Visitor: 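The structure under discussion is supplied below as structure tokens; questions concerning it will follow.
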Amino acid sequence: IRWEDNQNLQGNLIFSGLNQRFNVNFGYYYNKASHLLNGFSVSPIAGIDRIFLNGGQIDNHGLEVDANFVFVDKKDWSFTLGGNLSTLNSTVKKLLSVDPILLQQEDDVVRIHQVGQSPFSFYGYQSNGVIASSKEAEQLNLYDYKNRMLSAGDIQIEDINNDGIIDAEDRMDLGNSLPKLFGGAYFSLRYKKFQLQGLMSFTKGNKAYNAVRRSLEDLSGYNNQSIAALRRWQTDGQQTDVPQAQYGDPMENARFSSRWIEDASYMRLENLSLSYRFGNHGLKIISNSEWYIAAENLFTWSKYLGLDP
């Protein structure tokens, strides 16, 4: 094996005007990672469980913008607003093997590397909701790999290859954890010796696997479940997003699928602080010191149902 190679290209246009009160940095970046280190499972008969080989290429490129504007800068008042915005396009260009590389992780989670797609994408079944009625099940006419028909109350899995059988050949790219867009904003407001500062961040387009929700909604045993279990399918024709409860989950309704992949885009108020700067003071302990109160992670806005996107 050998070291991986990284080639980087960075170009920037920088503008500063209005007596340096308005500043913009616009850039483009490109990174090519090649001779990637790959781990492949092998038979343990040789005393090892995997070997490592070099091969493959991943390209990353995008745009970056960083700007700030000083609205007011006077003796008693000052106000500055700024922010940054970046795009990310990550694509697998080459693989060591002809076929896509599957990465098996804990909890039956599978990631995939395939040419033309983003690396480390989630790879599983596409869930199309719950089969509401026996009539709908008959119209779908889908069977699992054990030749059992999907019935009312089961999760409808997309039959990707249209062979009428739901098996490993019906898995697909379910998105990945890399955001398409990310950035942040900040402000600083000063009045005499008081100063208020804040910082926000956001991402857009990234996916996350919600393992906690999967364990609390699998409806397959005697473990505690979330209140989502109250919406479970129970009668023919019922419209719901939670399948029937069956001990042992014989139809694998809780299998790794898009049902557990959520939009993890978010906007978060990362930090907010208020400070006061003392000048010369009769009490030496506070003379020329700055006192402040601060709060972190005050609010997060997201569609993600877990604790933290």
Side-chain angles (χ1 to χ4, degrees), residues 1-14 24-66 84-126 160-161 168-184 201-209 211 256-258 260-266 309:
I1 60 176
R2 50 164 292 178
W3 293 106
E4 297 181 352
D5 289 335
N6 275 281
Q7 297 180 16
N8 296 284
L9 174 66
Q10 180 81 39
N12 291 82
L13 292 175
I14 300 175
V24 178
N25 186 340
F26 181 81
Y28 171 82
Y29 69 91
Y30 172 79
N31 169 265
K32 181 174 76 172
S34 57
H35 301 291
L36 303 174
L37 192 61
N38 300 266
F40 294 94
S41 298
V42 295
S43 172
I45 192 172
I48 56 175
D49 60 357
R50 64 177 51 222
I51 59 173
F52 293 91
L53 299 172
N54 289 98
Q57 176 184 322
I58 295 177
D59 289 1
N60 298 288
H61 66 92
L63 302 175
E64 300 176 319
V65 179
D66 190 346
N84 61 82
L85 185 68
S86 299
T87 64
L88 172 62
N89 294 279
S90 184
T91 307
V92 176
K93 292 296 185 179
K94 297 179 183 178
L95 289 174
L96 183 61
S97 61
V98 176
D99 298 323
I101 297 176
L102 300 182
L103 307 173
Q104 187 72 46
Q105 299 179 326
E106 294 182 2
D107 209 18
D108 294 328
V109 175
V110 179
R111 303 264 191 162
I112 186 172
H113 293 323
Q114 54 184 338
V115 174
Q117 302 297 324
S118 296
F120 295 102
S121 294
F122 294 111
Y123 188 65
Y125 299 90
Q126 176 63 43
I160 301 299
N161 57 6
E169 299 301 318
D170 294 304
R171 292 179 296 177
M172 60 179 293
D173 187 328
L174 301 177
N176 61 82
S177 305
L178 299 175
K180 301 297 183 184
L181 188 68
F182 61 95
S201 64
F202 77 93
T203 66
K204 179 66 176 177
N206 48 308
K207 304 287 186 179
Y209 165 56
F256 180 67
S257 70
S258 62
W260 315 116
I261 305 299
E262 301 179 12
D263 182 1
S265 304
Y266 71 86

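Count residues from 1 along the sequence. Since we're looking at a predicted model, the values are computed, not measured.
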Visitor: Give, for atom CG of N161 and atom CD of E169, the distance between the pair rounded to the nearest 0.5 Å.
Guide: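 Output value for this atom pair is 6.5 Å.
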
Visitor: Locate the shortest heavy-atom distance separating I112 from P100; write the atom from each residue and the value.
Guide: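 So the two residues come closest at CD1-CB, 3.8 Å.
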
Visitor: Rounded to the nearest 0.5 Å, what separation is found between the CG atom of N31 and the CG atom of L88?
Guide: 10.5 Å

Visitor: Under 3.5 Å, is there a donor-acceptor pair between the Y125 and D170 side chains?
Guide: no

Visitor: Using the side-chain contact (heavy atoms from CB on, under 4.5 Å) definition, which of the options Q104, R171, H113 pairs with Y123?
Guide: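 Exactly one candidate clears the test, R171.
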
Visitor: Which atom pair, heavy atoms only, marks the closest approach of A264 to A208?
Guide: CB-CB, 3.6 Å

Visitor: Could you report the tightest heavy-atom contact between R2 and N54, atom names first, then the distance?
Guide: N-OD1, 2.7 Å

Visitor: Atom CD1 in I101, atom CG in L95: separation rounded to 0.5 Å?
Guide: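 I101 atom CD1 to L95 atom CG measures 5.0 Å (nearest 0.5 Å).
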
Visitor: Any luck finding a side-chain donor-acceptor pair between D99 and S97 under 3.5 Å?
Guide: no

Visitor: Heavy atoms, side chains only, cut-off 4.5 Å: are Y266 and S201 in contact?
Guide: yes

Visitor: Taking side chain as C-beta onward, heavy atoms only, is Y28 less than 4.5 Å from L13?
Guide: no

Visitor: Could you tell me whether the side chain of S86 and the main chain of E64 form a donor-acceptor pair under 3.5 Å?
Guide: no

Visitor: If you compare all heavy atoms of S118 against all heavy atoms of K180, which two are closest, and at what distance to 0.1 Å?
Guide: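 Heavy atoms of S118 and K180 come nearest at OG-NZ, 3.9 Å.
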
Visitor: Would you indicate whether F120, at its atom CZ, is surrounded by more than 12 heavy atoms from other residues, nucleotides or ligands within a distance under 6.0 Å?
Guide: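 No.
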
Visitor: Once you round to the nearest 0.5 Å, how far does NZ of K93 lie from CD1 of I58?
Guide: 11.5 Å

Visitor: Is the F122 ring parallel, tilted or perpendicular to the Y209 ring (thresholds 30°, 60°)?
Guide: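 Answer is tilted, since the angle falls between 30° and 60°.
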
Visitor: Which distance, rounded to the nearest 0.5 Å, do you find between the CZ of F52 and the CG of L37?
Guide: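 Here the rounded value is 6.5 Å.
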
Visitor: Do Q105 and D107 have side-chain N/O donor and acceptor atoms under 3.5 Å apart?
Guide: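 No, no side-chain donor-acceptor pair sits under 3.5 Å.
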
Visitor: Hey, what do you get for CG (D59) to NZ (K32), rounding to the nearest 0.5 Å?
Guide: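 It is 7.0 Å, given to the nearest 0.5 Å.
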
Visitor: So Q126 and L174, do their side chains get closer than 4.5 Å, heavy atoms only?
Guide: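 SC-SC contact between L174 and Q126 confirmed.
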
Visitor: Between S90 and L178, what is the shortest heavy-atom contact and its length?
Guide: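 Between these two residues, the closest heavy atoms are CB-CD1, 3.7 Å.
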
Visitor: Considering only heavy atoms from C-beta outward, does the side chain of K204 approach that of P179 to under 4.5 Å?
Guide: no

Visitor: Would you say Q10 and N12 are linked by a side-chain donor-acceptor pair, where the criterion is simply a distance under 3.5 Å?
Guide: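 Distance-only check passes for N12 and Q10.
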
Visitor: Ignoring hydrogens and geometry beyond distance, is a side-chain donor-acceptor pair present between N206 and S177 at under 3.5 Å?
Guide: no

Visitor: State, to 0.1 Å, how close A33 and N6 come at their nearest heavy-atom pair, and which atoms those are.
Guide: CB-OD1, 3.5 Å

